[in-house]
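Quick caveat, the model's predicted, so the values are computed rather than measured. Within every chain, numbering begins at 1; the chains are lettered A, B, ... in the order of the sequence lines, protein sequences first and strands thereafter.
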There are 2 protein chains.
Amino acid sequence: MKCVTHPMEPTMPTMTAAQRRAAEKADYDVFLAECPSRQLLDRLSDKWVTLVMVALERGPRRYSQLSRTIAGVSQKMLTQTLRTLERDGLVTRTVTASVPVTVTYELTDLGHSLQRVIHGLKDWAEAHMEDVLAARSTYDRQP
Amino acid sequence: MKCVTHPMEPTMPTMTAAQRRAAEKADYDVFLAECPSRQLLDRLSDKWVTLVMVALERGPRRYSQLSRTIAGVSQKMLTQTLRTLERDGLVTRTVTASVPVTVTYELTDLGHSLQRVIHGLKDWAEAHMEDVLAARSTYDRQP
DNA sequence: CGGAATCCTGCCTGATACTG
DNA sequence: CAGTATCAGGCAGGATTCCG
């Protein structure tokens, strides 16, 4: 398993999308620190990324809405997170020239595909909260 | 939607496991900073947690194996991550009293259920690497 | 081998002030 | 409203050393 970027070969029409995806996967390894996929996984495994992606799941949201929805986020981290998500093609940023100005963030198609995965994480956390709390009290009871 | 811990009511035998889970879910909100589920989601949305969970997916692993597999992790963070995963009931820690000592980590059933979700994140990162790289170069080309 | 303990740095956070 | 800028401080996380 190598970690290389793909030379731009002409797309082979004989491959299905699924086959191409499988071929691409084989060339990336998240365990290699230098691999782009590792760096991407590191970025995605971020609490603010997770919360923003979940907050955007039901459609476009304004900056101030996100700020209020995601309790505890600083302006700095919210803006920074939204910028990198925009750069990575996961959200779009739309500025409406009104007074005062309105800025709307929305998931792209790519963003939606990631959102589905991340939503699973949120569901898991909410569904298994009891189990985790029980495990903690068991663990903490021991010397 | 409130964020409360459940008073220990006797389990209602008339509820299915799925029903009980749905009822529990309704009481947790990851957007509230003080909610346990939010804090759990924050912990899970961590790059070392993600990588350790993926590294353990094929069965038990020794500390040194994990250390070598997960490139770039420090002993401190690996130990710290494994400890919290153990405390949260996601992995077991087994010490074999040999010389030198052998320590093995393995996913619990709860851990496996989370691992399936996290694996989706890894798959997404590896599968959509090209899309993200393309989006970045488009973004960076603009002033 | 698998850590624990220590020190130290840099980033995150929080607060405040200022713009288009 | 939706940021950018700046400065304080605290703590996450890296590097190093030592131990059963």
Check whether any side-chain N or O of [X] sits under 4.0 Å from OP1 or OP2 of [N], and answer yes or no.
| X | N | value |
| --- | --- | --- |
| A:R83 | D:dT4 | yes |
| B:Y105 | C:dG3 | yes |
| A:S64 | D:dA2 | yes |
| A:R93 | D:dG3 | yes |
| B:R62 | C:dG2 | yes |

Distance, rounded to the nearest Å, where [X] contributes [atom1] and [N] contributes [atom2]:
| X | N | atom1 | atom2 | answer |
| --- | --- | --- | --- | --- |
| B:D46 | C:dC11 | CG | P | 17 Å |
| A:Q75 | C:dC12 | CD | P | 15 Å |
| A:K76 | C:dA17 | NZ | P | 18 Å |
| A:L78 | D:dC1 | CG | C1' | 13 Å |
| B:L82 | C:dG3 | CG | P | 7 Å |
| B:Q80 | C:dA5 | CD | C1' | 13 Å |
| A:I70 | C:dC12 | CD1 | P | 16 Å |
| B:M77 | C:dC11 | CE | P | 16 Å |

Review point. Hey, is CZ on A:R136 packed in by over 12 heavy atoms from elsewhere, all under 6.0 Å?
Key: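 Yes - once you tally the heavy atoms of other residues, nucleotides and ligands closer than 6.0 Å, there are more than 12.
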
For [Y], is there any backbone N or O sitting under 3.5 Å from a side-chain donor or acceptor partner on [X]?
| X | Y | value |
| --- | --- | --- |
| A:T81 | A:M77 | yes |
| B:R43 | B:D88 | no |
| B:T102 | B:T96 | no |

Review point. Less than 4.5 Å apart, any side-chain heavy atom of A:V54 and any of A:E57?
Key: yes

Exercise for review: Name the nucleic acid region contacted by A:V101, choosing base, sugar-phosphate or nothing; use a 4.0 angstrom heavy-atom cut-off, strictly under.
Suggested key: base

Check your understanding: If you find the nucleotide of DNA chain C closest to B:P100 and the one closest to A:W48, which residue's nucleotide is nearer the 5' end?
Key -> B:P100

Exercise for review: Mind checking which stems touch DNA chain D? I mean at least 3 consecutive Watson-Crick or G-U pairs, both distances under 3.5 Å.
Suggested key: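 In DNA chain D, stems of three or more pairs: C:1-12 with D:9-20, C:14-20 with D:1-7.
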
Practice item. Work out which heavy atom in B:G111 is nearest to a heavy atom in B:T108; give both atom names and the distance. Key: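 Heavy atoms of B:G111 and B:T108 come nearest at N-OG1, 2.9 Å.
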
Review point. Does the side chain of B:Y105 come under 3.5 Å of the side chain of B:Q65 through a donor N or O and an acceptor N or O?
Key: no

Point to revise | Whole-Å C1' distance, D:dG10 and C:dA17 | key: 22 Å

